[in-house]
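The block underneath contains the structure these notes are about, expressed in structure tokens.
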2 protein chains.
Amino acid sequence: MIVPPKNPNETNREYAFRVISMNIISLDIEPGSMIGEQEIANVLGLSRTPVHEALLELSKSKIVDILPQKGCLVSMIDSDLIREARFLRITVETALVEDACEMAKEADINELEENLQLQEFYLSKDTDKFFNLDNEFHKTIYRICNKMQCYYMVNLMSIHFDRVRNLSLHSVKDLKIVSDHHAICDAIKAKDPVAARAAFQKHMARFELDWNIISREYKQYISDGSK
Amino acid sequence: MIVPPKNPNETNREYAFRVISMNIISLDIEPGSMIGEQEIANVLGLSRTPVHEALLELSKSKIVDILPQKGCLVSMIDSDLIREARFLRITVETALVEDACEMAKEADINELEENLQLQEFYLSKDTDKFFNLDNEFHKTIYRICNKMQCYYMVNLMSIHFDRVRNLSLHSVKDLKIVSDHHAICDAIKAKDPVAARAAFQKHMARFELDWNIISREYKQYISDGSK
DNA sequence: GAAATCGAACTAGCATACAAGATGCATTCA
DNA sequence: TGAATGCATCTTGTATGCTAGTTCGATTTC
């Protein structure tokens with residue numbers, strides 16, 4: 001488990017949540033493994049309480065399953081939950097990119113374009129950095145539309161999806177993500193909701209290809225009943 | 001504050017969450033009021049711990065705002081958060097009713113129709129019962145489409161919307177909700193996604209009218225900047 | 001040898017205790 | 001009189017202790 005330093009303005013609970021989430025997405029905590037509150041509390045140098053509260057929040061998205069008096073099971077990669085997370089993102093963000101065509105100011109477009117410059121720079125250099133930039137790109141679209149609370153809810157559930165997306169970045173070679181993002185950004189800039197919708201859906205459709213590769217390559221992490 | 005009995009298989013945390021949510025929606029806990037963990041713990045006969053955890057979960061949807069070392073502020077009725085909650089529901093459930101046209105089995109249609117029978121029965125008799133049936137109707141649509149995790153996430157945020165919806169049921173006389181539901185159900189039964197989408201959007205559009213009435217009638221509960 | 005039983009060692013839920021920051025009022029001081 | 005100060009008393013965040021339920025292995029029993 002990777003333990004970054006605690007940020008100054010972060011509560012212990014937020015710190016625990018951040019570190020555990022990170023390690024689940026990066027697979028440094030293995031899908032299907034059991035983790036105990038005390039065990040994590042020891043690693044992070046905290047008491048059980050903030051760790052308990054962080055795990056409670058994670059359990060809301062079913063990324064962990066708290067089994068009372070037994071322990072905390074980190075979920076296997078579950079195609080049903082990924083399908084739900086992906087449905088939610090596609091549905092919500094498709095509507096958002098359309099709205100963004102009216103809502104986006106010049107400064108917003110600049111923010112997106114600056115992000116895309118950095119994406120190009122880091123794509124082949126630093127996978128984790130790129131992953132964060134990708135997340136920021138999507139988050140900016142929520143912000144443009146004044147839907148930050150929706151972002152929080154969708155993002156919490158997206159962790160299932162993120163875990164696979166992170167694997168993709170490390171495994172799948174043919175990455176067209178940045179040009180997809182450019183197409184979305186250009187459509188918003190051109191105030192063309194039809195093009196924005198199309199570009200976004202094309203972007204999200206790539207996942208099907210990745211999933212085919214990932215699901216073969218990481219069989220041991222994928223729960224039964226999926227393919 | 002109304003305190004129903006604790007269900008047998010419910011943890012104290014779940015009980016606290018259920019009771020506090022209920023009282024926020026029913027306005028038995030007033031918008032803008034401060035509540036303390038100890039105070040609620042006393043009323044429910046619990047310790048602070050499960051109450052604290054319940055409030056943490058509620059704070060995720062911003063329906064309460066935990067101010068460290070000060071207290072817990074129950075949010076005013078906030079048009080921005082309602083707009084977000086409503087956007088999320090409309091966006092997600094519009095997509096769902098379309099999918100439901102393919103997914104719904106005969107048993108599912110029966111479940112919806114049985115629910116509608118009860119809605120007609122209780123509409124003028126028992127507002128709270130009707131409110132629950134309305135919720136169940138929407139929940140069933142998620143279940144038909146195998147999107148229960150999405151239901152949980154959308155529902156958590158919907159509490160802002162629910163608080164006003166509950167006021168509507170008590171204040172707004174001209175209720176066409178049941179016939180709306182019938183139209184949605186009939187479209188799903190006829191496997192007509194275009195009609196289902198239209199019926200659902202017509203249903204959700206009613207809220208604008210209600211909001212105009214509510215926002216005048218309950219000004220004291222509505223946060224500044226809204227109209 | 002196999003099955004049943006008991007108990008030690010785990011777990012999370014919850015209660016309680018303590019720490020540290022916010023508040024408000026009484027007191028002090030100019 | 002008015003502003004500043006300090007303390008008593010709130011609050012939530014966190015740590016710790018206790019309870020009860022689960023697991024697993026050693027021991028007993030047949």
Side-chain angles (χ1 to χ4, degrees), chain A residues 1 3-21 23-24 29-76, chain B residues 1 3-21 23-24 29-76:
Chain A
M1 180 152 147
V3 181
K6 184 168 175 299
N7 294 335
N9 294 327
E10 193 173 42
T11 64
N12 289 349
R13 172 185 357 116
E14 289 162 346
Y15 176 54
F17 181 81
R18 181 166 65 86
V19 176
I20 299 169
S21 303
N23 280 278
I24 289 176
I29 298 178
E30 283 195 26
S33 63
M34 288 286 266
I35 54 182
E37 293 179 356
Q38 189 65 65
E39 170 195 353
I40 292 183
N42 291 341
V43 173
L44 301 188
L46 306 170
S47 79
R48 277 179 52 216
T49 304
V51 174
H52 176 70
E53 291 170 352
L55 288 173
L56 258 180
E57 184 173 353
L58 284 166
S59 75
K60 297 304 174 190
S61 63
K62 290 205 168 59
I63 191 66
V64 303
D65 190 7
I66 298 176
L67 308 170
Q69 281 72 49
K70 287 173 73 174
C72 187
L73 177 68
V74 179
S75 80
M76 298 288 271
Chain B
M1 180 151 147
V3 181
K6 184 168 175 296
N7 293 335
N9 294 327
E10 192 174 44
T11 64
N12 289 351
R13 173 182 0 114
E14 290 162 345
Y15 175 54
F17 180 82
R18 180 166 65 86
V19 177
I20 299 168
S21 303
N23 280 279
I24 288 176
I29 298 178
E30 283 196 26
S33 64
M34 288 287 266
I35 54 182
E37 294 179 356
Q38 189 65 62
E39 170 196 352
I40 293 182
N42 291 341
V43 173
L44 300 188
L46 304 171
S47 79
R48 273 182 56 215
T49 305
V51 174
H52 176 71
E53 290 169 352
L55 288 173
L56 258 180
E57 184 173 352
L58 284 165
S59 75
K60 297 304 173 190
S61 63
K62 290 205 167 59
I63 191 65
V64 303
D65 190 6
I66 299 176
L67 308 170
Q69 279 74 49
K70 287 172 73 174
C72 187
L73 178 68
V74 179
S75 80
M76 298 288 271

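Numbered from 1 within each chain, the chains take letters A, B, ... in sequence-line order.
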| request: Name the nucleic acid region contacted by L56(B), choosing base, sugar-phosphate or nothing; use a 4.0 angstrom heavy-atom cut-off, strictly under. | output: nothing

| said: Using side-chain heavy atoms (C-beta onward) and a distance below 4.5 Å, is V64(A) in contact with I20(A)? | reply: no

| request: Please state how far atom NE2 in H52(B) lies from atom P in dT14(D), giving the value in whole angstrom units. | output: 7 Å

| request: Under 4.0 Å from any heavy atom of chain B: name the first and the last nucleotide of DNA chain C that qualifies, 5' to 3'. | output: dG13(C) to dT23(C)

| task | Classify every nucleotide of nucleotides 16-24 of chain D by which part a protein heavy atom approaches to under 4.0 Å, writing B for the base, S for the sugar-phosphate alone and - for neither, in 5'-to-3' order. | result | BB--BBSS-

| field | Set of side-chain hydrogen bond (donor to acceptor under 3.5 Å, both in side chains) partners for E39(A), sequence neighbours left out | value | none

| task | Measure the spacing between NZ of K60(B) and CD1 of I66(B) and express it to the nearest 0.5 Å. | result | 8.0 Å

| message | Can you give me the closest heavy-atom contact between S61(A) and L58(A), atom names plus distance? | response | OG-O, 3.0 Å

Indicate every side-chain donor-acceptor pair of residues 69-76 of chain B with a distance under 3.5 Å to a residue at least two apart or in another chain.
unit_1	atom_1	unit_2	atom_2	d
S75(B)	OG	I63(B)	O	3.3
S75(B)	OG	R163(B)	NH2	3.3

| query | How long is the line joining CG of N9(A) and C1' of dG13(D), in whole Å? | reply | 15 Å

| message | Can you give me the dot-bracket string for DNA chain D, 5' to 3', counting Watson-Crick and G-U wobble pairs with both distances under 3.5 Å, using [ ] for crossing pairs and | for partners on another strand? | response | ||||||||||||||||||||||||||||||

| query | Among V43(B), L44(B), N42(B), which one satisfies side-chain contact (heavy atoms from CB on, under 4.5 Å) with I40(B)? | reply | L44(B)

| Considering only heavy atoms from C-beta outward, does the side chain of Q38(A) approach that of V51(A) to under 4.5 Å? | no

| From E57(B) atom CD to L55(B) atom CG, the distance as rounded to the nearest 0.5 Å | 10.5 Å

| query | Side-chain contact, heavy-atom cut-off 4.5 Å: R18(B) with N7(B)? | reply | yes

| query | Looking at side-chain heavy atoms only, is the closest gap between F17(B) and T11(B) below 4.5 Å? | reply | no

| remark: A41(B) and R48(B) have their tightest heavy-atom pair at CB-N, 4.0 Å

| Any N12(A) side-chain nitrogen or oxygen under 4.0 Å from OP1 or OP2 of dG13(D) | no

| note | Per the under-4.0 Å heavy-atom filter, residues of residues 13-21 of chain A near DNA chain D come out as R13(A)

| field | Distance, rounded to the nearest Å, where E53(B) contributes CD and dT12(D) contributes P | value | 14 Å

| field | Atom pair NE2/CZ of H52(A) and R13(A) - distance to nearest 0.5 Å | value | 11.5 Å

| said: If I take atom CD from residue E53(A) and atom OG1 from residue T49(B), how far apart are they, to the nearest 0.5 angstrom? | reply: 8.5 Å

